[in-house]
Structure formats: C-alpha cells, structure tokens
Number of protein chains: 2
Amino acid sequence: MSDAQPLYAKVKDHILENIRSGAWEAGRRVPSENELVESFGISRMTANRALRELTSEGFLSRVPGVGTFVKEAPALSSLMELRNIAEEIAQRGHRYSSRLIRKGVIDSNPALAEEFEDRGIKQLFHIVIVHEENGVPVQLEDRHVNPAVAPNFLEHDFTETTPTAVLLAATPVDELEHTVEATLPSTEQQRLLGIAALEPCLALYRRSWSRGKVATVVTLTYPASRYALYSRHRTSARGTFSQ
Amino acid sequence: MSDAQPLYAKVKDHILENIRSGAWEAGRRVPSENELVESFGISRMTANRALRELTSEGFLSRVPGVGTFVKEAPALSSLMELRNIAEEIAQRGHRYSSRLIRKGVIDSNPALAEEFEDRGIKQLFHIVIVHEENGVPVQLEDRHVNPAVAPNFLEHDFTETTPTAVLLAATPVDELEHTVEATLPSTEQQRLLGIAALEPCLALYRRSWSRGKVATVVTLTYPASRYALYSRHRTSARGTFSQ
DNA sequence: CTGACTATACTGTATATACAACCTTATACA
DNA sequence: TGTATAAGGTTGTATATACAGTATAGTCAG
C-alpha cells in the first residue's frame, strides 16, 4: 500500500492504461463519474477531477448529458521539438521497429561542407533508416553527422536506440533550423517507404547546432497518408506578437 | 458584459489580464487562495481551481507553504510565428497582391463546432484569399473566424491588410496549434493557385486560441514549387525538449 | 547566540452536497 | 401517428468542510 499517489491520479492512470494498451479504442465510452465513484469508492468530485484533467490533456472528450469518450489520437509528429520517433510511437500504444539501410563513413563534398558550414571537413557519418509503426514505414531518415561533434556515433547499433536519442544524449543542442516542403517521392523513396509514385510526402530538413558547430543534418521524409507534423504551444503571456 | 461566465473563469481572466498587461511581472506573487476567496467572494475550491488550471497551463507556479507566482515566459519557438505573408513578401523585395475569393457569414455544423471547441456556436465568418508574389499565387488561405472573438472582422477590406494582421491587432494570441501535411491539390485548388494536378502542396492547418476560446481556424495551402516553411531558432536552456 | 519548538499561512487532496444544463428514452396524450 | 411531457442519467459548476504536508516567522529555553 502507500503508493503515496493521490486518488485522482490513480483514476487517471487506470484510464490512461486502458487507452494506451488499446483496450479502450478511440470513440469508446469511458465510465461516467458516478460509475467511477462506485468502482473506486471515491467521491464524485475526485472522479470529476480525473476526467476533467484527462480531457484538458487531450485524451478524452466530454459531452454534457451524454458521456465521456476516448478521443481520436492522430498520427502526428511534433514539429519543433526534437522528439524520439520511437517514443512517440510507443506513446500511442503502437509497436515501433526500424530497418537500417545504410551506415558508414563517407567523404565530404562541397555541398555537404557548405551545409556543415565547415570547408575543412573531410569525412562524415551517414546513416539511412526506415522507421516503422506497426510494421508500416512512416519515416525515412537520411542523416549526416559531424564526427567532430559526436565521434562515437557509429558505435551504436540503431535497432535499440534511435539516432535522435544517441545525439541528444551525446551533445547539447543550441540551435535548430527547419525547412518543410512537400515532395513527390523518388523511386528509391517509393521503394523504401512502400508507397505509390503519386503519394505526396513531407520532407522535413533539419540542421542542428551544438557548441557553434553544425552537429547533424537530416532529411526526414513522411508519407502524407501516414503522418503529419504537429506542434502546439502557448505563446508568451506578454505581447510577443508585435503588430 | 457578463457573459454568464463561470466564476473560476472570471478569476482566471482577472489573473491573466494582469499578467498580459505587464502589471504582474514574472516572479511576482499572485493572491493566495484565501485572498481570492475574500476579494471575489468565492469559495476556496473555486479559487483553487482557477490557480490550479493556470498552473497546468504554464502561467503560474505554486509552492506549498509559500505561495503562487507568475512564471517566466517560455521562449517562443518560431517556425510558426504568426507572420504576415504580405510583409514576408515585401521583405524579399517582391510585390505582394491578393485576390479575395469569398467573404461572408456561414452557418456552423458539428465538424466546425468541434474545431472551435464550442458546441453552441451558430455562425462563423469565412474568407478565402489567394496571396500572390509578383502576381504568382503562392498561398491559398481558407479561414474561419469566431465572431465572439473578433466581431468586427468582416468590416475590413482585406486588400490592404491581411486577415492575420487584423486578427493580431484585435486579439491576444494565447496558444497556437499547427499541423502540416503534404497533399495533392483539389481541382478548385489547382484552379485558384494555377498549378498542375501533380504538383504537391503543403497544407498548414492552424488553430489559435485567445482568452481560452478558439479564435480562428485556418488552412494555408502552398504549392511546393513556390514555397517552403522555414524556421531557425535557438533552443532555450530548458524546455523545447519534451521527454 | 543558538537550537528546538510553536504558531501561522499556504498549497494539496478528498468528501458530501447542491443545483443547473443537457441529452436520451419512455410515457402519456391528442 | 405524432407530439408534448416526464424521468433519469450525464456533465458543469459551486460551496462548505476537513485534514495533511510544507515553508516561514516568531518564541522560548538553553
């Protein structure tokens, strides 16, 4: 006993566990406040708090006079934050897997040197990975890494930890640059992602800086039918929006 | 006046107003629950709810035994800064123009009510505009606006000022949600943007909140060949990296 | 002066109760 | 058959009360 956990938190965990495990699929009705009162032996206000917080957190939706329901969880990737796609998928209660297509050292060239803002750079690490959700490819990662920033990068086996996780653990990120565009996939991309020629894709190009150097340059390609980029954040309470 | 607003919401608004106006700067102590009880003539649970929600929304921080304080404003990550496309184009030294395709009031429906998080909403403002750079369409804007937030919205002639500028001037923006996906254009989009059927497009879906209400929902469609989304920003010491 | 104790203020949680608004379903009635 | 009404379940809000845990300021004994 003595979980030292508040009652409303236990109720929230119980509901979240059912959602995460897939036992309660989207749209399903969750127990009403009065049903929670009976099954947990708590007061209605405590049940109300649990359901209300889960609603504001985006897991449930409530309709007065009708009930509370599991909300649709869209397949979304966060746009501005560096998140680990494996965690993201796991968080949705789905199975993550990956296929390592390429891993090695390549010689630099003028275009790459430009991207890394380092004329003298000689060699780069290069990996290509297909990330899968429930066995379906959802992201093609084509990444170059600056050996000066993460010299041990290639020592990792990327089946267990994603490159994002490795880099985040190895180096601080000072600055990020993103470019997002829509593309039609190349034949190789079609093959690796298992999509048709006419399926549009999102291409997210990202450079990240660490201690003043470009640490990594990556292009992430998402099939439009399987993934969208998402961000939601609060803006400063004081007027950051000039004009 | 007197929107028949719940008591806890009035308290939240009062506090937010003080934060927004700058009257209460970061770190400043806000009234304790018992002080709110006295000044608003409410029960402590109601004051507690107001402060608790503002805390979970990131505006306040609370320390048991000490008090409640205004939180530091987090740095805005900025791919998604609300920028005025007219200014953006002017900044590049190009000529901005626009074509107003539609402007009027439409009846709500369940899908729109859901997007606006207001089941009772009856009517919405709706505009469609094509933005052009040097006479070439670069963005199709399809926007719905909540009349409760910007009642004078339709009074503007959008040839001189863009809807974004109008809304920014009229209301504070508390929160932004973005979804980006790749699409192939519908026939109407092809016609309005003057593009081929096989040209992929970026669809940027954005909702913005003002004083707790969804103020506007907009879908911006960019032809991939003419526009990409770009951002670059420093990451703050903390934050930015969720989990 | 220092350390232990106490009083006080504040947040955190939990309950019991109440009323309003909303929705669905069953029932009664025309 | 169609319509109005009633009943019951559901969420939304608000109050009064209680107790626990935490931090601070002040008091008192050593």
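What's counted below: heavy atoms across the whole structure, side chains too, no hydrogens, waters or symmetry copies. The structure presented is a predicted model; accordingly, all values stated were derived computationally and were not measured.
If you take CG of L36(B) and C1' of dA9(C), they are 15 Å apart, rounded to a whole angstrom. Following rounding to the nearest Å, N48(B) (CG) and dT15(C) (P) show an atom-to-atom distance of 15 Å. The interatomic distance linking K10(A) (NZ) with dG12(C) (C1') rounds to 15 Å, in whole Å. Distance CD (E33(A)) to P (dT17(C)): 17 Å, rounded to an integer number of Å. Residue L51(B) contributes atom CG, which lies 15 Å from atom C1' of dT13(C) at whole-angstrom precision. A straight line from CG of L7(B) to P of dC19(C) spans 17 Å, rounded to a whole angstrom. As a whole-Å value, the separation of L54(B) CG from dT11(C) C1' is 15 Å. Atom-to-atom, CZ of R62(B) to P of dA9(C) comes out at 17 Å; the value is rounded to the nearest Å.
Minimum interatomic distance between D174(B) and S210(B) (heavy atoms only, all atoms of both residues): OD2-C, 3.4 Å.
Nearest-nucleotide assignment on DNA chain D puts the 5′-proximal partner with R52(A), out of R52(A) and G65(B). Nearer the 5' end of DNA chain C, as judged by each residue's closest nucleotide, is the contact made by V30(B), out of R119(B) and V30(B). Nearest-nucleotide assignment on DNA chain D puts the 5′-proximal partner with V66(A), out of P64(B) and V66(A).
For the pair K12(A) and E57(A), the salt-bridge criterion is met [side-chain N within less than 4.0 Å of a carboxylate O]. Using a 4.0 Å cut-off between charged nitrogen and carboxylate oxygen, E141(B) and R206(B) do not count as a salt-bridge pair.
A close approach under 4.0 Å does occur between a side-chain nitrogen or oxygen of R29(B) and OP1 or OP2 of dC10(C). One finds no side-chain N or O of Y8(A) lying less than 4.0 angstrom from the OP1 or OP2 phosphate oxygen of dA14(C). In terms of phosphate contacts, T46(B) brings a side-chain nitrogen or oxygen within less than 4.0 Å of OP1 or OP2 of dT15(D). OP1 or OP2 of dT10(D) sits under 4.0 Å from a side-chain N or O of S32(A). Residue R44(B) has no polar side-chain atom (N or O) positioned under 4.0 Å from OP1 or OP2 of dA16(D). Contact annotation: T68(B) reaches the phosphate of dT11(C) (side-chain N/O to OP1 or OP2, under 4.0 Å).
Q139(B) places no side-chain N or O within 3.5 Å of a backbone atom of I85(B) that could act as its donor or acceptor partner.
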Begin from the C-alpha positions of R62(A) and E33(A) and carry the test salt bridge (Lys or Arg N to Asp or Glu O under 4.0 Å) through to its verdict. CA-CA 11 Å; R62(A) 316 194 75 186; E33(A) 295 183 0; 2.9 Å; yes
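Checking dA14(D), dC10(C), dG12(D) against every side-chain atom of P6(B), the shortest atom distance belongs to dA14(D). For M45(B), whose side chain is taken as the heavy atoms from C-beta onward, the closest listed nucleotide among dT17(D), dC10(C), dT13(D) is dT17(D).
Looking at R49(B), its side chain has no donor and acceptor atom pair within 3.5 Å of the base of dG12(D).
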